[in-house]
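Here the structure comes first, spelled out in structure tokens, and everything after it is commentary.
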Amino acid sequence: DFCLSRGLGDVYKRQAITLEGNYQRYKTEAWLKSLNGSTPAIDIEGEEFEFRYRIANFKENQTLDVIHIPLALQFQTDGETKWYVRAGGQVGIILSSEYKSSIEGLSTSGYYSQYDVELFDPQFMGFGSYAEIQQKPVDLDWNTSFSAIFETGVKAEAGDNGHLYIGFFMNYGLTSPNDEKEPTSAIEYQKESPETAKINSLFDSGLAKDAKLTSFGIKLRYGIGGF
């Protein structure tokens, strides 16, 4: 976490409204031992059917790069080395977001209700058993997020018009960046290339809900001006 900040304080130099910008990278991992599901589909011959799948050991890694713009109220003590506490809210602008999935074992089939038959092959139609599937990184279309922030620590003078801060911080996500998405199936049949099933994000499938950008740790911050 890296940031520069600017504050406007009152005449007593003990409280201020601060505005800053900082960058954070989030990394998460989701894992499911097994997953079964189905979704409507149309095969290469134009026939409607139910695409069924059974997954063993599904793993997904997500990476998000975010610029946070916080607006906070800060209080501090007097002295050369000051104790401070600040709280407020922030908006998170997502610069990039992607996920990468891997599946240890996948079995697919097609159920045709009009014929009351379930096909477990051939693979060129997308039906069969597959092992060790690795998917390349795929972009996540996520939205702006909003968080509550809290920070406390000590600050010391650094130069003629600057201060160096070190303290504990917590950002608690209030909104989910994917809450406006319609749930999709974890695995989708691709009519154009049926032998290669499309793997969707667990967050977009609805299996992992209410993803929120929450973080905590130690922050080193440089401030310009009295705050």
Which distance, rounded to the nearest 0.5 Å, do you find between the [atom1] of [X] and the [atom2] of [Y]?
X      : Y      : atom1 : atom2 : answer
Gln135 : Ser102 : CD    : OG    : 9.5 Å
Trp83  : Asp78  : CH2   : CG    : 13.0 Å
Phe49  : Ile42  : CZ    : CD1   : 9.0 Å
Gln24  : Lys219 : CD    : NZ    : 7.0 Å
Glu132 : Leu106 : CD    : CG    : 12.0 Å
Glu29  : Asn61  : CD    : CG    : 4.5 Å

Could you tell me if the side chain of [Y] sits less than 4.5 Å from the side chain of [X], heavy atoms only?
X      : Y      : result
Thr63  : Arg25  : yes
Ile187 : Ile199 : yes
Ile55  : Asn36  : no
Leu213 : Val66  : yes
Lys59  : Lys100 : no
Leu164 : Leu220 : yes
Phe216 : Phe150 : no
Leu202 : Leu32  : yes

Verify, without hydrogens or angle tests, whether [X] (side chain) and [Y] (backbone) share a donor-acceptor contact under 3.5 angstrom.
X      : Y      : answer
Thr175 : Phe146 : yes
Thr108 : Gly128 : yes
Ser107 : Ser129 : no
Asp43  : Glu45  : yes
Gln76  : Val85  : no

Give a yes-or-no answer on whether the side chains of [X] and [Y] include a donor-acceptor pair shorter than 3.5 Å.
X      : Y      : value
Ser147 : Asn171 : no
Asp116 : Tyr111 : yes
Glu195 : Tyr130 : no
Lys27  : Gln62  : no
Asp139 : Tyr99  : no
Tyr84  : Glu151 : yes
Glu118 : Ser109 : yes
Glu60  : Ser201 : yes

Which atom pair, heavy atoms only, marks the closest approach of [X] to [Y]?
X      : Y      : value
Ser185 : Asn200 : O-ND2, 2.6 Å
Ala56  : Ile103 : O-CG2, 4.1 Å
Gly173 : Thr214 : N-OG1, 3.2 Å
Ser97  : Leu64  : CB-CG, 3.8 Å
Tyr112 : Glu48  : CD2-O, 3.6 Å
Gly126 : Tyr189 : CA-CE1, 4.3 Å

List the steps, then state whether side-chain contact (heavy atoms from CB on, under 4.5 Å) holds for Ile44 with Met125. CA-CA 7 Å; Ile44 57 178; Met125 288 190 65; 4.2 Å; yes
Using a strict 4.0 Å threshold on nitrogen-to-oxygen distance, state whether Glu50 and Arg52 make a salt bridge.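 A salt bridge is present here (some side-chain N lies under 4.0 Å from a carboxylate O).
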Between Phe51 and Tyr53, what is the ring plane arrangement, given parallel below 30°, perpendicular above 60°, and tilted in between? tilted
Heavy-atom count check: over 12 atoms from other residues, nucleotides or ligands less than 6.0 Å from Phe168 CZ? yes
Going hydrophobic residue to hydrophobic residue with side-chain gaps under 4.5 angstrom, can you get from [X] over to [Y]?
X      : Y      : result
Ile94  : Leu140 : yes
Leu119 : Tyr115 : yes
Tyr165 : Met170 : no
Tyr26  : Ile149 : no

